[in-house]
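Note that ligands are numbered from 1 as they come in the structure, with each ligand's atoms numbered from 1 the same way.
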Amino acid sequence: MIIGLTGSIASGKSTVANMLKNYGLPIVDADIVARLVVEPGTPTLRKIVEAFGEEALTDEGAMDRQKIGSIIFNNEEKRKQLNGIIHPAIRQEMLRQRDEHFGNGANTVVMDIPLLFESKLQHFVEKIIVVSVSEETQLNRLMERNQLTEEEAKARIASQLPLSEKEQGADAVIDNNGTIEQTARQLENILRKWEVI
Ligand SMILES: CC(C)(COP(=O)(O)OP(=O)(O)OC[C@H]1O[C@@H](n2cnc3c(N)ncnc32)[C@H](O)[C@@H]1O)[C@@H](O)C(=O)NCCC(=O)NCCS
Ligand SMILES: Nc1ncnc2c1ncn2[C@@H]1O[C@H](COP(=O)(O)OP(=O)(O)OP(=O)(O)O)[C@@H](O)[C@H]1O
């Protein structure tokens with residue numbers, strides 16, 4: 001089975017992904033892949049420099065995440081341009097990792113894709129878990145974790161589809177407003193229902 005794990009920024013995907021890892025399920029993590037495909041020397045990083053200029057790089061020649069983030073979370077055109085460059089490389093590597101896990105005998109693989117709905121990747125997975133929180137909880141946790149101002153946090157949240165819309169497309173929704181334990185129990189019930197554990 002291929003499980004798609006998504007939600008919105010700071011809704012708790014990584015928290016739930018770690019729980020899934022503890023069940024021994026392999027995780028293909030889009031955010032990790034997104035870092036892999038832009039490492040110094042990759043064709044994708046070269047295309048980003050062609051599009052955004054040398055200012056896209058740190059002095060060490062890596063992608064300047066702070067700089068690119070400040071550009072694309074406040075400019076939809078620039079965000080679409082970056083997505084057009086980086087998403088094909090992310091997709092290719094995610095599918096490679098997915099097939100590698102099945103090749104190694106996995107029965108179930110989890111694909112942790114923040115932009116699953118935005119990038120219309122539903123066909124990559126069989127079941128979708130959406131990790132959902134209230135706007136207030138999301139804003140507070142994002143500001144706390146990334147040390148962002150309210151304005152910066154709201155810009156990042158606004159760059160994604162609303163969680164209410166994602167819940168419509170979910171096979172299961174985890175309400176992550178409560179404690180980690182309450183989230184873990186919801187996940188356990190979902191995995192039992194799907195006979196994954
Ligand atoms: C813009 C970048 C440089 C910011 O890096 P930074 O280290 O500050 O954030 P990080 O990579 O940890 O992403 C945190 C979260 O931001 C959100 N996010 C990232 N990229 C995007 C995007 N293009 N559109 C909307 N939300 C995004 C996701 O919820 C992600 O989980 C980085 O997010 C990036 O390279 N984004 C483009 C690749 C992408 O779309 N990744 C999402 C994988 S589905
Ligand atoms: N149930 C919870 N109770 C308290 N804090 C939580 C809970 N779930 C997540 N957090 C915290 O909220 C923040 C966001 O959680 P997490 O990083 O799992 O979200 P995410 O969806 O993976 O975010 P991103 O989209 O940025 O990768 C983290 O600091 C995490 O420790």
Atoms of ligand 1 close to Ala30 [distance to a heavy atom under 4.0 angstrom, numbered from 1]: 43 (C), 44 (S)
I'd like to know if Gly7 contacts ligand 2, where contact means a heavy-atom distance under 4.0 Å to any ligand atom. no
Which of the ligand 2 atoms, numbered from 1, are nearer than 4.0 Å to a heavy atom of Gly178: 1 (N), 2 (C), 3 (N)
What protein heavy atom sits nearest atom 28 (C) of ligand 2, and how far away is it? Arg145 CD, 3.8 Å
So, 4.0 Å and heavy atoms of Glu118: is ligand 1 close enough to count as a contact? no
Side-chain donor-acceptor contact under 3.5 Å, Gln138 with Ser11: no
Side chain, backbone, both or neither: which applies to Val33 and ligand 1 if a contact is any heavy-atom pair less than 4.0 Å apart? neither
Under 4.0 Å to a heavy atom of Met63 - the qualifying atoms of ligand 1, by number: 3 (C), 35 (O)
Examine the proximity of ligand 1 to Asp31 and report which part, side chain or backbone, both or neither, has a heavy atom under 4.0 Å away. side chain
Under 4.0 Å from ligand 1, counting heavy atoms only, is it the side chain of Val38, its backbone, both or neither? neither
One residue to check: Leu115. Relative to ligand 1, which of side chain, backbone, both or neither has a non-hydrogen atom less than 4.0 Å away? both
Could you check whether any heavy atom of Gln66 sits closer than 4.0 Å to an atom of ligand 1, since that is the contact criterion I want to use? no
Those atoms of ligand 1 less than 4.0 Å from some heavy atom in Leu82: 37 (C)
Enumerated ligand 2 atoms positioned under 4.0 Å from heavy atoms of Ile9: 25 (O), 26 (O)
Ligand 1 to Ser159, heavy atom cutoff 4.0 Å, flagged ligand atoms 25 (C), 26 (N)
Under 3.5 Å: N/O of Ser14 near N/O of ligand 2: yes
Under 4.0 Å between heavy atoms, the region of Ala17 that gets near ligand 2 turns out to be neither
Heavy atom of Ala10 under 4.0 Å from ligand 2? yes
Within the 4.0 Å heavy-atom shell around His87, which atoms of ligand 1 are there? 39 (C), 40 (O)
